[in-house]
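Order of the sequence lines sets the chain letters (A, B, ...), proteins ahead of strands, with each chain counted from 1.
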Number of protein chains: 2
Amino acid sequence: MTTKNRIINSAIKNFLVFGYEKTSLSLIASEVGIKKPSIYYYFKNKEELFIFSINHILDSVEQEIINSIKKVDTSKLMLESIFTCMIEFNSNLSLLIGNDYNKPINILNLFHLARNRFSSLSERIDNYYNFLETTILNIIKIGQNNNKIRKDLDDKSLAIKIIAWFEGLFMLSTIYSSFNINTIRQSFYDNMWKMISCENEYIPPKKEKKGFFKNKSKPKTISLGTKW
Amino acid sequence: MTTKNRIINSAIKNFLVFGYEKTSLSLIASEVGIKKPSIYYYFKNKEELFIFSINHILDSVEQEIINSIKKVDTSKLMLESIFTCMIEFNSNLSLLIGNDYNKPINILNLFHLARNRFSSLSERIDNYYNFLETTILNIIKIGQNNNKIRKDLDDKSLAIKIIAWFEGLFMLSTIYSSFNINTIRQSFYDNMWKMISCENEYIPPKKEKKGFFKNKSKPKTISLGTKW
DNA sequence: GTCTATACGCAGATAGAC
DNA sequence: GTCTATCTGCGTATAGAC
């Protein structure tokens, strides 16, 4: 592994854990086992190192998603493989960070900072989400054509919704300690599929008239009490 | 408005836009129209000011959610009012930031930083999500009892999923410029309700046998091509 | 390529006058 | 309560030797 690569690795690690400002070049240098001025031999400044790191992460995750989709051939499995891929990419980043840091990692955070600070990264991140959106949209269309995904759901807005769902889960797992993504990932995906797919076997309740929900009849008052 | 309140307002504003490190006390002071050492009269240090600000935000949003739920009486409207409340709280923060900054705000970012840095905030944020989770869970239970929300969806995991969904939308709107939350908020909610509610009028396709999806029969190969 | 030495600026924070 | 003046530390970045 070249010095340059070791610098990049350490940079990604520290940017993920501490953010941009709090990551110091001295820290990166000491982790790599060189002195601070040596970093300037490879990168013009901190900004260039950061931009390089983020681009590197985005290139990798896009490539992994493309590869993983190719291995399966149903819309259900394709969506699942994107989901798995995103989770595993996250896990790999966690691994990169190592056991020393047991703080949750949050790549979205870094993306947000990257966007605000550097316009070139703003474009790159848009490209990434554009790629995700188009990919998922196409999978949905295939699923709808094959009668596997509900046609009453608008494809375009469903695509965005799925992305938001995935990202929201990652986000939540880093800011809500009671929530562990690994314990629910399978049930989450199954449940999501249940909602969007034609395999839905829900049988409407028989005690209510079918028109009930459409009427503007005043529903029973539901006490929210103080219990919760 | 007291000096202390003006400091807090400016602090929230700057922490939201620039994050913790990049927000300097000199900047806050100059915005408020005082000198830096005056801040130390009200707050022990930068850390205390930050912790105070985050607690202030969380208290406000919790209160707004509690108030907004009380005004409606069906599970559909309750969920919708939580969603609306979260969106409006976000808009209010945008307003606070003012037109000068047209960068998207992202409160989740700040929560993540807060968690990692200060353990008292870590607890406070957990409390907030616990509150959200319990509130939504109870609404779901009411909805399921009244045959308005699908009973084949697990209530507890649905609650988490809804939170992830909302937060994911906010997150996405700040890191994906093609996506504007305001243009899709109503269709998003309607669509979500379509997925979780008993009002689902989806009719399974007639050309396929019902057992088709359950068989492990090899599906047609779907070419992903290079077009996308 | 990697180092030592060092410039420079700005951050958080304090002392003490008014 | 608010200020001026000042301390201290650490960050990015550069010059130039080896």
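Under a 3.5 Å cut-off, the side chain of Lys36(A) and the backbone N or O of Ser24(A) do not form any donor-acceptor pair.
In this structure, Leu49(B) places its CG atom 15 Å from P of dA11(C), rounding to the nearest Å. One can place CG of Leu25(B) at 13 Å from C1' of dT14(C), the figure rounded to the nearest angstrom. Taking atom CD1 of Ile39(B) as the reference point, atom C1' of dT4(D) lies 16 Å away to the nearest angstrom. Between Ile28(A) atom CD1 and dT12(D) atom C1' the separation is 12 Å, expressed in whole Å. In this structure, NZ of Lys46(B) is placed 13 Å from C1' of dC10(D), rounded to the nearest angstrom. The nearest whole Å value for the distance from the CZ atom in Phe50(A) to the P atom in dG11(D) is 18 Å. Taking atom CG on Asn45(A) and atom C1' on dG11(D), their separation rounds to 14 Å, with Å as the unit. What separates CZ of Phe43(A) from P of dA13(D) is a distance of 13 Å, to the nearest Å.
Residues in residues 119-140 of chain A take part in these salt bridge (charged side-chain N to carboxylate O under 4.0 Å, His left out) pairs, two or more places apart or across chains: Asp59(A)-Arg124(A), Glu62(A)-Arg124(A), Arg115(A)-Asp126(A), Glu133(A)-Lys156(A).
Residue Ser120(B) holds its OG atom at 6.5 Å from CG of Asn55(B), rounded to the nearest 0.5 Å.
Nearest-nucleotide positions on DNA chain D for Lys44(A) and Glu21(A) put Glu21(A) closer to the 5' end.
A cation-pi arrangement is not found for Lys76(B) relative to Tyr189(B), the charged atom failing to lie both closer than 6.0 Å to the ring centre and inside a 45° cone about the ring normal. Cation-pi geometry between Lys22(B) and Tyr20(A) is not satisfied (NZ or CZ under 6.0 Å from the ring centre, within 45° of the ring normal).
Taking the six-membered ring where the residue is Trp, the centroids of Phe179(A) and Tyr129(B) are separated by 6.0 Å or more.
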Shorter than 3.5 Å, N or O on both sides, protein versus nucleotides 1-3 of chain D: list them out with atom names.
| residue | atom | partner | partner atom | Å |
| --- | --- | --- | --- | --- |
| dT2(D) | OP1 | Thr3(B) | OG1 | 3.4 |
| dT2(D) | OP2 | Tyr42(B) | OH | 2.5 |
| dC3(D) | OP2 | Lys35(B) | N | 2.7 |
| dC3(D) | OP2 | Ser38(B) | OG | 2.8 |

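Across all strands, Thr2(B) comes closer than 4.0 Å to no nucleic acid atom at all (heavy-atom distances).
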